[in-house]
Amino acid sequence: DDDDVYHDDQLEFDSGFGNVIVVDNLPVVPREKFEKLEGVIRKIYSQIGVIKEDGLWMPVDPETKKTLGYCFIEYNTPQEAELAKEKTHGYKLDRAHIFAVNMFDDFDKYMKVPDEWAPPEIKPYTPGENLQKWLADEKARDQFVIRAGTDTEVLWNDARQSKTEPVYKRTYWTESFVQWSPMGTYLATVHRQGAAVWGGANTFNRLMRYAHPQVKLIDFSPGEKFLVTYSSHEPSNPRDANRVVINIFDVRTGKMMRDFKGSADEFAVGGAGGVAGNSWPVFRWGGGKEEKYFAKLGKNMISVYETETFSLIDKKSLKVENVVDFSWSPTDPIIALFVPELGGGNQPARVSLVQMPGKEELRQKNLFSISDCKMYWQSNGDYLAVKADRYTKTKKSTYTGFELFRIKERDIPIEVLELDNKNDKIIAFAWEPKGHRFAVIHGDNPRPDVSFYSMRSTHNLGRVAKLTTLKGKQANALFWSPGGRFIVLAGLKGFNGQLEFFNVDELETMATAEHFMATDVEWDPTGRYVATSVTSVHEMENGFNIWSFNGKLLYRILKDHFFQFLWRPRPPSFLTPEKEEEIARNLKKYSKKYEAEDQDVSMLLSEQDREKRRMLKEEWEKWVSEWRRAQEEEKLERQKLRDGEASDEEE
């Protein structure tokens, strides 16, 4: 299926000269200076990669016996040749000689351009299909994708029928993983030659391909406009760092907007997850759904780019000595950055909020005796929580506190929160989506405590207040419903999949349950259902369970070699907050239709149950009468064997 991919783009593999560059604008020298010039060129170009034996060739004019002013260099790999072109094109040898470097294969490409200009053919407009059609599902169901073995399939969650309904299935659809775009329009797959996105009104068609050989990781911008792809390549000299290639594509047109290439060290600063020392995503998107900016952490700086021209804001990075981490507000062009303490505590650590594109500092907070710091934004960008681990006076141990920033209030007030027992270890922290509450798991395993706090207490809107603490819970992870109000307290890994479904409005437990060995918990985008899954990290029990929001197990499906379960995200609602409130107030009016449907479904289900019971009864009666008949037929036999006595009446 993918053999035909990119055969136009892959010239370097076809002609076999992908590892050869042509260096132009060299000095023209006579025979006696030939070796000196060759030495200079070899010195410049062997720093970039390994030149093959006899891999440097400088042609000579047979009449004048002077060089012709250009040379060919052959490297071991096409990647080294690419890098050499990037690093030395425009290199100034002296005032008269500025190198012009090209790939050998490009000559071939440009020679094929016809001399006569022909106008491009204009194709008639055909309207595209509705990629959002799944949102208009009659039964208002949600979709999810699963990967098990070599199959990838998209299914409806038909919870009222307690089952799934297939949408699309394909074997070897991806070579490593799949990923939904943030608003659910596209499903991205990863292949050896690059990435692809799929979607459609009724099935999944390939909508676009993005050429990037050996791509390892991908990331969408929050509004699905751009796709970032990442690959890392082994150098031919084992002492060098891996070479990293990052491309940013326009999702709809497939056009590459900008590429970043360099050694792995340049992209390895800061961040948490990722591969081999690189944080992923390397580029973090800012300014909310408008995707105006993206930024990456560098040494002593944060490079912020804007998507109009894909260049640095004001053509320069934001200089911040020793910055180790930053994160964008989810909704506004504000960066929160963290600088650790320096000079043995002479210069305290600090957290700053910086506004883009003007780069002005909105707020700064110095923090003393800090060992580590983590930043958590609330989903509307209303609050920022900074979790700070501090050394005790003796420096022998640490304790944790929170600095809570109220971003939308005047002058951004900051509040300090310490737990009742400040030596408690913090196991997890999570904001309520779109809300003002947060949950913290703190204390010692095996039975830590879970506390809930609100940024708006009833008596005082400007103070943080504790709502409650649940003692001794088998939990190490927090999963809020996307609509807030409900939360699942989960004990994953060492806790064998304990689940507690908790209602934070009423501060009461709705249900406790267990999904043995569960590795993942994910709410559907509407907050109606929860999926828990056991992936192939474990040998046994692979598969997933679907629960209602209040902890009722609806159905479970076992799948061997189960790798991924991902709900299809939904775009934000078009309804205004006022309209949503009106619907909530008059829910009875709107829910009549659905109640009638529910009644039909339960009638159907009970009809199916009755049918099942009737069949079982018929089967049983048939079985009994078979044996009665057999017994009658053998009566004479038995009489013969027993001297005329059938002995049927004996006990």
Side-chain angles (χ1 to χ4, degrees), residues 6-118 193 211-214 231 233-245 247 256 259-263 266:
Y6 321 132
H7 64 263
D8 305 338
D9 308 347
Q10 301 291 66
L11 273 171
E12 59 181 52
F13 299 123
D14 298 350
S15 62
F17 292 115
N19 53 347
V20 179
I21 57 170
V22 185
V23 185
D24 225 323
N25 292 349
L26 297 179
V28 175
V29 298
R31 190 86 228 169
E32 55 270 21
K33 288 196 177 168
F34 193 90
E35 268 182 31
K36 187 178 175 193
L37 178 61
E38 192 177 318
V40 170
I41 291 168
R42 200 177 278 281
K43 186 175 170 190
I44 294 169
Y45 282 93
S46 58
Q47 291 172 9
I48 292 164
V50 179
I51 298 175
K52 281 195 173 175
E53 208 174 317
D54 300 332
L56 178 77
W57 183 56
M58 216 179 316
V60 175
D61 185 333
E63 286 168 14
T64 61
K65 297 280 184 277
K66 285 185 174 176
T67 59
L68 287 166
Y70 60 88
C71 75
F72 300 91
I73 298 174
E74 186 177 4
Y75 281 105
N76 272 342
T77 65
Q79 282 89 4
E80 289 174 326
E82 279 264 342
L83 189 62
K85 174 189 156 182
E86 264 165 58
K87 294 265 194 233
T88 63
H89 181 67
Y91 176 81
K92 223 172 178 173
L93 189 65
D94 54 43
R95 273 164 81 186
H97 300 99
I98 296 170
F99 287 2
V101 185
N102 288 288
M103 304 300 290
F104 185 81
D105 279 348
D106 286 350
F107 285 90
D108 208 16
K109 195 159 94 186
Y110 296 127
M111 293 304 281
K112 285 181 183 162
V113 176
D115 294 339
E116 288 291 308
W117 180 78
Q193 308 95 323
H212 186 157
Q214 286 146 17
S231 63
H233 306 273
E234 296 278 321
S236 57
N237 179 351
R239 284 197 302 280
D240 293 347
N242 278 13
R243 182 158 177 273
V244 166
V245 179
N247 296 331
M256 193 202 291
D259 60 342
F260 295 86
K261 296 177 180 169
S263 78
E266 294 170 44

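Just the heavy atoms: all of them, side chains too, but no hydrogens, waters or symmetry mates, feed the values below.
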Spacing of [atom1] belonging to [X] relative to [atom2] belonging to [Y], to within rounding of 0.5 Å:
X: T88; Y: I41; atom1: OG1; atom2: CD1; result: 10.5 Å
X: I51; Y: R42; atom1: CD1; atom2: CZ; result: 5.5 Å
X: Q214; Y: H212; atom1: CD; atom2: NE2; result: 8.5 Å
X: E32; Y: K65; atom1: CD; atom2: NZ; result: 13.0 Å
X: N19; Y: D105; atom1: CG; atom2: CG; result: 9.0 Å
X: N102; Y: H89; atom1: CG; atom2: NE2; result: 7.0 Å

- Message: Can you confirm whether K85 sits close enough to D106 that some side-chain heavy atom of one is under 4.5 Å from a side-chain heavy atom of the other?
- Response: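 K85 reaches D106 side chain to side chain.
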- State, yes or no, whether a side-chain contact exists between N76 and K52 at a heavy-atom distance under 4.5 Å.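 Touching, per the 4.5 Å side-chain cut-off.
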- Inspect the surroundings of CG in D54 and state if more than 12 heavy atoms from other residues, nucleotides or ligands are less than 6.0 Å away. no
- Task: Using a cut-off of 6.0 Å, state whether more than 12 heavy atoms not belonging to E86 lie near its atom CD.
- Result: yes
- For V101 and Y91, run side-chain contact (heavy atoms from CB on, under 4.5 Å): C-alpha distance rounded to whole Å, both residues' side-chain angles, the deciding distance at 0.1 Å, then the answer. CA-CA 9 Å; V101 185; Y91 176 81; over 6 Å; no
- Message: Can you classify the ring geometry of Y70 versus F72 as parallel (below 30°), tilted (30 to 60°) or perpendicular (above 60°)?
- Response: perpendicular
- Task: For the pair Y45 and F99, name the ring-plane relationship: parallel under 30°, tilted 30 to 60°, perpendicular over 60°.
- Result: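 Aromatic pair Y45/F99 classed parallel.
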